[in-house]
Protein chains: 2
Amino acid sequence: MDEIEIPDSIRCELVGKGGLNGIVESLPDDQTIEDIVSVARALSDPVRVRVLFALSVQPLCVCLFVAMAGYAYSKMSYHLSVLKEGGLVCARQEGNYLIYYPTDLGRRVVLWIR
Amino acid sequence: MDEIEIPDSIRCELVGKGGLNGIVESLPDDQTIEDIVSVARALSDPVRVRVLFALSVQPLCVCLFVAMAGYAYSKMSYHLSVLKEGGLVCARQEGNYLIYYPTDLGRRVVLWIR
DNA sequence: AACCTATTTCAAACCTATTTGAAACCACAA
DNA sequence: TTGTGGTTTCAAATAGGTTTGAAATAGGTT
């Protein structure tokens, strides 16, 4: 299995951990990895990070983000949808308005980053 | 400034927080946002997340990642460079080999995700 | 019903990230 | 010094994410 040439220092520590397989098996499962990736993707744009932090202050409607960023509605809507897919925000309807607010995960992420 | 039509519930809470400007000013500064984004970007690919978690078990050389993922060297090298740019990993040379290991930030990220 | 207003959805254009394979680099051995 | 193995770098090709503007939706008003 581990017939690869590697430095002794590494090989030594590696055998004590069940070889490369041991390490691979200790990794988070695929679903968990996917979840991490989708949160990370949601945070990989400056506007989306700002939106999340703003929401951690108080719930806001889309028109305020539009005012804040100077973006078109459709553009802001796209970024909000990425945040939603990452499970960081959700929204409730209030009359004509959609009011976004952070999920528990969204709140925890903000707290940790701070 | 805040001449935008918004629901009263939102407006109410908003004035108590210095209006939209108050919220915008409470946001992290640009440099901090950039740092967050580059970490997030580094984690926004499943292979990179696996590599980081594997490194949090023990330092490893590139050939092991290549074996683990079945990627070409150049491909793995690219992903390692993204992790490096995000400040999550660094490397030391040992003979012919480059041995990657997590930075402090990299370790903290892994601990928090778990 | 007809009409606003806030927001989303869609497809096309656009831009950035990733993959590929070849070539370059570097440390070491013969 | 030539050779070899591990790794990176580069440029071209490809895939994937973002922007744009127009059209669709949905709730409220007249």
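Letters A, B, ... are given to chains in the order of the sequence lines, protein chains preceding strands, and every chain is numbered from 1.
- Annotation for A:I10 and B:P59: closest pair CD1-O, 3.5 Å, computed over non-hydrogen atoms.
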### Secondary structure string for DNA chain D (Watson-Crick or G-U under 3.5 angstrom, | for other-strand pairs)
||||||||||||||||||||||||||||||
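- Cluster annotation: A:V37 and A:L105 are assigned to the same hydrophobic cluster (Ile/Leu/Val/Met/Phe/Trp/Tyr, side-chain heavy-atom contacts under 4.5 Å, transitive).
- When the side chain to side chain donor-acceptor pair (under 3.5 Å) test is applied to A:D35, the partners found at least two apart in sequence or on another chain are A:Q31.
- A heavy atom lying under 4.0 Å from DNA chain D marks the following residues of residues 71-82 of chain B, by number: B:Y73, B:S74, B:S77.
- With hydrogens and angles left out, the side-chain atoms of A:S9 and B:E94 include a donor and acceptor closer than 3.5 Å.
- Without hydrogens or angle criteria, B:R11 side chain to B:I4 main chain gives a donor-acceptor distance under 3.5 Å.
- Listed by chain and residue number, A:Y78 satisfy the side chain to side chain contact (heavy atoms under 4.5 Å, CB included) test with A:S81 (two or more places apart in sequence, or in another chain).
- By the side chain to side chain donor-acceptor pair (under 3.5 Å) test, B:R48 pairs with B:H79, sequence neighbours left out.
- Nucleotides of DNA chain D nearest to A:E94 and A:S44 differ in position, and the one nearer the 5' end is that of A:S44.
- Rounding to the nearest 0.5 angstrom, the gap separating the OH atom in B:Y97 from the CD atom in A:E5 is 5.5 Å.
- Contact between B:I99 and A:P7 at its shortest, heavy atoms only, is CD1-CG, 4.0 Å.
- Listed by residue number, B:C61, B:V62 are the residues of residues 48-62 of chain B with a heavy-atom contact under 4.0 Å to DNA chain D.
- Here A:F65 lies out of heavy-atom contact (under 4.0 Å) with every strand.
- Rounded to whole angstrom, the span from the CG atom of B:L43 across to the P atom of C:dA17 amounts to 16 Å.
- Rounding to whole angstrom units, CG of residue B:D45 and P of C:dA17 are separated by 13 Å.
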What N/O pairs connect the protein and nucleotides 1-5 of chain C at under 3.5 Å? Give each pair on its own line.
unit_1: C:dT5; atom_1: O2; unit_2: A:N96; atom_2: OD1; d: 3.4
unit_1: C:dT5; atom_1: O2; unit_2: A:N96; atom_2: ND2; d: 3.1

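- Extent of DNA chain D lying under 4.0 Å from chain B heavy atoms, first and last nucleotide in 5' to 3' order, is D:dG5 to D:dT9.
- Contact record, A:C61 with B:I6: SG-CG2, 3.5 Å, taken as the closest heavy-atom pair.
- Rounding to whole angstrom units, CG of residue A:D8 and C1' of C:dC28 are separated by 15 Å.
- A:K17 pairs by the side chain to side chain donor-acceptor pair (under 3.5 Å) definition with A:E13, not counting sequence neighbours.
- Annotation: side chain to side chain donor-acceptor pair (under 3.5 Å) contacts of B:T32 (sequence neighbours excluded): B:D29.
- With B:T103 contributing its side chain and B:L88 its backbone, the two residues share a donor-acceptor pair below 3.5 Å.
- Residues meeting the side chain to side chain contact (heavy atoms under 4.5 Å, CB included) test with A:V47, sequence neighbours left out: A:D45, A:V51, A:Y71, A:M76.
- When side chains are defined from C-beta on, A:R114 counts as touching A:S56, because their heavy atoms get closer than 4.5 Å.
- Here A:L111 sits alone; no ILVMFWY side chain lies under 4.5 Å from its own, so it joins no hydrophobic cluster.
- Nucleotide C:dT18 holds its P atom 11 Å from the CZ atom of A:R41, rounded to whole Å.
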